[in-house]
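Input: a single structure, listed below in structure tokens.
Residue numbering restarts at 1 for every chain, and letters A, B, ... go by the order of the sequence lines.
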There are 2 protein chains.
Amino acid sequence: MTKVSNVKSTRASDVLVEYFEQRILDGSLPAGATLPAEREIVQEHGVSRTVVREAVLALANKGLIKAQPRFRPVVVKPGYDTALDVVGSVVSQLLRDSSGVRNLFDMRIMMEVNLVRHAALNASGEDIAKLEEALAANGAAIEDSVRFYETDIGFHKVLYEIPKNPILPAIHAAYTDWLSVHWRQMPRMPSRNQVNFEAHTRIFDAILRRQPDQAEAALREHLKFAWDQVSEELDGQDGR
Amino acid sequence: MTKVSNVKSTRASDVLVEYFEQRILDGSLPAGATLPAEREIVQEHGVSRTVVREAVLALANKGLIKAQPRFRPVVVKPGYDTALDVVGSVVSQLLRDSSGVRNLFDMRIMMEVNLVRHAALNASGEDIAKLEEALAANGAAIEDSVRFYETDIGFHKVLYEIPKNPILPAIHAAYTDWLSVHWRQMPRMPSRNQVNFEAHTRIFDAILRRQPDQAEAALREHLKFAWDQVSEELDGQDGR
DNA sequence: TTCAAATTTTTTGTCATACCAAAGAGAGTC
DNA sequence: GACTCTCTTTGGTATGACAAAAAATTTGAA
């Protein structure tokens, strides 16, 4: 499935890519190690520098190495953020029509429903404290729409951190990045901020009281409210 | 965030990549269209062919175009599967240590918990029928471990299809692909198959009876059982 | 006229070479 | 020892060349 079905993609650079990918994966090129100089690879593998360059570039695009302009390529320490980073372009294209945005937003709802339920059932005292802090910061920013936007993200971010799974914060960052375009177009004013803040408060309350169903309901209502506003903007520019 | 923060990566190919990425995104290069010949791009943009090639290759690696070895590059119709395809390499590296596998598996649990709850609350008659069919196929394959593996995947796949969000089946495919390595190492025998089939049955029953909490509990137990087996294998080869 | 085979022209993949610019190393000077 | 200046290394780009494959064109036969 992942294998690109290269039945006959006899690109010389591909075998180089595969070679280094192999070595990175099996650990003989650990994170932080540098690849040989291009001219060394040329001699060692008997290919032209063109091929080497293409291979290096491909590895860099795959997110396996980091090729700074005038330095040797360095094997990158993989993070869950880099994983979501390399898909950026494709995602952008998927978000071109409104149904793509809708699908992604639905995914977010699904995800956060789970997060608030999890929080209501398992949040530690420390988690609650962080959540409360984020909520307070959000409440203090109602009059300042820019800061409200930031603290809004911050509040949700805490939810993603509670399960202690490093994949989740990366997903959160990806969501906010990918959807930020539509987010910014959303009308922002203190009255709406007030509504959103109250929704946050209800979610927090439900988590505090250990009521997963209420937390889920509050979250769903909250995100539905947000979606309705994004949706208006979308329909204006894209009728599909 | 997505922008690779190259403050000064004055790579000439980058501006070309950006140019074509722009044109693909704004639709002036629709899916299926072919890029101009390399030499045309050379003349039009006043850069060397080296740069053009690097740009084309980069676009191909990003999954925006499909560059078959000796054919004109074609703008690709993006699917949610291609999005998850380009991350393959990074994910492989993330799964090198057991904690990476654990994190991904936890994500899967989280996801499927949501799916079974959703199914219990919203599954249509048609959905139920498909689920029942998949369950029956699974039950008929208990003696044949290979077929059981396939029908096992098939049963879970139906769960991902119920919400009608095209992102979900893509995620399911990615999960099974990425985790298949560890899955195959799992000991397979009719007795274990029997346990798994009964778990599937319990999940199905709970969905049928519209009991989200029971469905969630059954799923959690099911996946915990699966994880314990994978975990044993992992600990054997990787102590981290 | 129409369809298929053969031929010419493009076009991509690869190679070789050269030059530039910047970073780093080393020598020389104070 | 600190500073400056050169030299080497190394990646980024340009250019030209050639083979092989694809695309376009011509040719040939029915």
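- Here the CZ atom belonging to B:R96 is positioned 10.0 Å from the CD1 atom belonging to A:I24, to the nearest 0.5 angstrom.
- Under the 6.0 Å distance and 45° angle rule, B:R102 counts as a cation-pi partner of B:W227.
- Salt bridge absent: A:R72 and A:E38 never bring a charged side-chain N and a carboxylate O closer than 4.0 Å.
- The separation between A:R53 atom CZ and C:dC15 atom P is 15 Å, rounded to whole Å.
- Rounding to whole angstrom units, CZ of residue B:F71 and P of C:dT10 are separated by 19 Å.
- Between the C1' atom of C:dA21 and the CD atom of A:Q68 lies a distance of 16 Å, rounded to the nearest Å.
- With respect to B:K164 and A:D106, no salt bridge is recorded, no charged nitrogen being found less than 4.0 Å from a carboxylate O.
- In this structure, A:R72 places its CZ atom 16 Å from C1' of D:dG12, rounding to the nearest Å.
- Using a 4.0 Å cutoff on non-hydrogen atoms, the parts of residues 39-51 of chain A near DNA chain C are A:R39, A:V47, A:S48, A:R49, A:T50, A:V51, ordered by number.
- In this structure, CD of B:E54 is placed 13 Å from P of D:dG11, rounded to the nearest angstrom.
- For B:R70 and D:dA23, the CZ to C1' distance is 13 Å, given to the nearest whole Å.
- Between A:K130 and the options A:L159, A:I162, A:V158, A:L135, a side chain to side chain contact (heavy atoms under 4.5 Å, CB included) holds for only A:V158.
- In this structure, the separation between OH on A:Y160 and OH on A:Y175 is 5.5 Å, given to the nearest 0.5 Å.
- When the C1' atom of D:dG11 is taken as reference, atom CG of A:L35 falls 13 Å away, rounded to whole Å.
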